Amino acid sequence: MTPVIPGFDQHRVPVADGVALHAAVGGSGPAVVLLHGFPQTHLMWRHVAADLAADHTVICPDLRGYGASDRPAETDGSVYAKRTMASDVVELARRLGHDRFALAGHDRGALVAFRAALDHPGAVTRLACLDVLPTLDMWDVMHGVSAAVGFHLYLMAQPPGLPERMIGADPDAFFGHFLDGWTADPRAIPDDVRAAYLSACRDAVPSIVADYRASAGIDVEHDRADRDAGRTLAMPVGVLQQDWGAALGYDAAAVWRAWAPDLRHTTVRCGHFMAEESPGEVVKALRDLLARRAVTSGPARCR
């Protein structure tokens, strides 16, 4: 049986024409939406969600194209643009009765969360991003042999056909490479959860590739337009990251501060899958963020 988050109800919620998201929902109180990363599903939040549900309504969806959510065909770049996926999340929360909510994302989910916070500042009250840079900045810092760690970004940026065939030839080896190589403590992802991740990814190769392909095209365009217009994040922001800046030669906190005037940036020692490897650290960071007062320094320029 596929693992579940104990005590959470399973929902299937229409969010766009022909697209419904699967979401696990538990607890009561102010809403917190948690967005998973690659190559995972909402299950990555199982420890964190259980803690936050003591005093919050916690909503853990599978992103468009992942897990048990719908996987629309990539007819053009907008289908898996982070702007589109962010709209999914805002509509999901609204349909579950929450016009305003705190938002946290890991990896791919953090890119969706970042876009949601820029595009919908009236809905997102707090933003947390785990182990990622905004898309535009990510491409800017990837250079030289040290960037080989991100080989998958370049593979999945290729036009439709080749990456899907290559990954589809042995999806368990491809996705398993990241689950194994990015985990400092293998015990953090038990066998049943690992099997659930691999099964979900195995069935969603085209949509996962489409998500990444969008980040080499339309997502860059959207980020560049916002940066050129001087738009910033209007809410308190918390970022937790491994020390990628030391490896790739950039100042991660400075990159984020350009987008987030009200920022707290923390470097962690655990592996990439921090919500599973160090859930207590992630819970503390999220609870600290939820308790923060917004810094009022004039309105941010937003869409």
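Residues take their numbers from the sequence shown, with the count starting at 1. Since the structure is predicted, the reported quantities are computational estimates derived from the model, not experimental observations.
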Subject >> Worked verdict on Gln242 versus Asp131 for side chain to side chain donor-acceptor pair (under 3.5 Å) >> reply: CA-CA 6 Å; Gln242 297 180 88; Asp131 217 27; 2.7 Å; yes
Original post:
When you check the gap from the basic side-chain N to the acidic O, do Glu91 and Arg94 get nearer than 4.0 Å?
Top reply: yes
Original post:
Are Val4 and Tyr66 co-members of a hydrophobic cluster defined by side-chain heavy atoms under 4.5 Å apart?
Top reply: no
**OP:** Return the minimal non-hydrogen interatomic distance between Val79 and Ala73, and the atom names on each side.
**Re:** CG1-O, 3.5 Å
Original post:
Looking only at atom types and distance, does a side-chain atom of Tyr197 sit under 3.5 Å from a main-chain N or O of Ile189, one as donor and one as acceptor?
Top reply: no
Original post:
Which heavy atom in Pro261 sits nearest to a heavy atom in Trp259, and how many Å separate them?
Top reply: CD-O, 3.5 Å
Original post:
Is the Lys NZ or Arg CZ of Arg202 less than 6.0 Å from the centre of Phe174's six-membered ring, within 45° of the axis?
Top reply: no
Subject >> Test salt bridge (Lys or Arg N to Asp or Glu O under 4.0 Å) applied to Glu164 and Arg213, step by step >> reply: CA-CA 11 Å; Glu164 291 88 343; Arg213 187 179 288 119; 2.9 Å; yes
Original post:
When you look at Leu290 and His56, which way does the side chain to side chain contact (heavy atoms under 4.5 Å, CB included) test go after all the steps?
Top reply: CA-CA 10 Å; Leu290 292 168; His56 290 81; 3.7 Å; yes
Subject >> Residue pair Pro39 / Leu179, side-chain heavy-atom distance below 4.5 Å >> reply: yes
Original post:
Does any N or O in the side chain of Arg100 come within less than 3.5 Å of the main-chain N or O of Gly122, such that one atom is a donor and the other an acceptor?
Top reply: yes
Original post:
Can you name the nearest heavy-atom pair linking Met44 to Ala275, along with the distance?
Top reply: CE-CB, 3.6 Å
**OP:** Rounded to the nearest 0.5 Å, what's the gap from CZ on Arg264 to CG on Asp262? Could you check?
**Re:** 7.5 Å
Original post:
Should the ring pair Phe178 and Phe151 be called parallel, tilted or perpendicular, given that the plane angle runs from 0 to 90° and is split at 30 and 60?
Top reply: parallel
Original post:
If we only count heavy atoms from C-beta on, is the Asp211 to Lys82 side-chain gap below 4.5 Å?
Top reply: yes
Original post:
Is the distance between the ring centroids of Phe8 and Trp45 less than 6.0 Å?
Top reply: no
**OP:** Without swapping roles, check the side chain of Asp107 against the backbone of Gly109 for a donor-acceptor pair under 3.5 Å.
**Re:** no
Original post:
Which class fits the ring pair Trp256 and Phe114: parallel under 30°, tilted 30 to 60°, perpendicular over 60°?
Top reply: perpendicular
Subject >> Side-chain donor-acceptor contact under 3.5 Å, Arg108 with Ser215 >> reply: yes
**OP:** Ignoring hydrogens and angles, tell me if any N or O in the side chain of Asp70 forms a donor-acceptor pair with the backbone of Ala20 under 3.5 Å.
**Re:** yes
Subject >> Counterpart residues, ring pair (Phe, Tyr, Trp, His ring centres under 6.0 Å), relative to Phe175 (two or more places apart) >> reply: Phe38
Subject >> Heavy-atom neighbours of Asp228 CG exceed 12 at 6.0 Å >> reply: yes
Original post:
Which atom pair, heavy atoms only, marks the closest approach of Leu289 to Arg126?
Top reply: O-NE, 3.3 Å
Original post:
Are Val112 and Leu63 close enough that some pair of their side-chain heavy atoms sits under 4.5 Å apart?
Top reply: yes
Subject >> Close side-chain approach of Pro61 to Val33, heavy-atom, < 4.5 Å >> reply: yes
**OP:** Determine whether more than 12 heavy atoms belonging to other residues, nucleotides or ligands lie under 6.0 Å from atom CZ of Arg269.
**Re:** no
Original post:
How far does CG of Leu240 sit from OG1 of Thr267, to the nearest 0.5 angstrom?
Top reply: 8.5 Å
Original post:
Can you tell me if Thr41 uses its side chain to pair, donor with acceptor, with the backbone of Leu43 under 3.5 Å?
Top reply: yes
Original post:
Rounded to the nearest 0.5 Å, how far does CG of Asp172 lie from NE2 of His177?
Top reply: 14.5 Å
**OP:** Run the numbers on Arg292 and Asp288 for salt bridge (Lys or Arg N to Asp or Glu O under 4.0 Å), then give the verdict.
**Re:** CA-CA 6 Å; Arg292 276 166 58 188; Asp288 288 348; over 6 Å; no
Original post:
Of the options Arg187, Arg194, Arg46, which is the one that meets Glu276 in a salt bridge (Lys or Arg N to Asp or Glu O under 4.0 Å)?
Top reply: Arg46
**OP:** Determine, using ring centers only, whether His106 and Trp182 are less than 6.0 Å apart.
**Re:** no
Subject >> same_hphob_cluster(Val132, Ile218) at 4.5 Å side-chain heavy-atom cutoff >> reply: no
Original post:
Pick from Thr135, Asp223, Asp219: which one makes a side chain to side chain donor-acceptor pair (under 3.5 Å) with Arg115?
Top reply: Asp223
**OP:** Kindly give the heavy-atom pair with the smallest separation between Ile208 and Gly65, and that separation in Å.
**Re:** CG1-O, 4.2 Å
Original post:
Do Val90 and Asp99 come within less than 4.5 Å of each other through their side chains, counting heavy atoms only?
Top reply: no
Subject >> Note, Glu277 side chain near His272 side chain (heavy atom, < 4.5 Å) >> reply: no
Original post:
Under a 4.5 Å cut-off applied to non-hydrogen side-chain atoms, are His222 and Leu136 in contact?
Top reply: no
Subject >> Euclidean distance, Thr232 OG1 relative to Leu263 CG, rounded to 0.5 Å >> reply: 11.5 Å
Subject >> Gap separating the CG atom of Leu127 from the CE atom of Met235, nearest 0.5 angstrom >> reply: 6.5 Å
Subject >> CA sep, side-chain torsions, deciding dist, call: Ile59, Leu34, side chain to side chain contact (heavy atoms under 4.5 Å, CB included) >> reply: CA-CA 6 Å; Ile59 303 168; Leu34 305 177; over 6 Å; no
Original post:
Quick one: does Ser207's side chain have a donor or acceptor within less than 3.5 Å of a partner on Arg71's backbone?
Top reply: no
Original post:
So do His120 and Ser87 actually touch side chain to side chain, heavy atoms under 4.5 Å?
Top reply: yes
Subject >> From CG (Leu133) to CD (Gln241), nearest 0.5 Å >> reply: 5.0 Å
Original post:
Checking side chain to side chain contact (heavy atoms under 4.5 Å, CB included) for the pair Arg287/Asp55: CA distance, chi angles, key distance, verdict?
Top reply: CA-CA 11 Å; Arg287 288 195 172 279; Asp55 47 10; 3.1 Å; yes
Subject >> Sole residue of His47, Gln10, His42 in side-chain contact (heavy atoms from CB on, under 4.5 Å) with Ile5 >> reply: His42
Original post:
How about Met166: does its CE atom have over 12 heavy atoms from other parts shown lying under 6.0 Å from it?
Top reply: no
Subject >> side chain to side chain contact (heavy atoms under 4.5 Å, CB included) between Leu96 and Val25, intermediate numbers included >> reply: CA-CA 9 Å; Leu96 292 172; Val25 182; 4.0 Å; yes
**OP:** Indicate the atoms forming the closest heavy-atom contact of Ser69 with Leu21, along with that distance.
**Re:** OG-CA, 3.3 Å
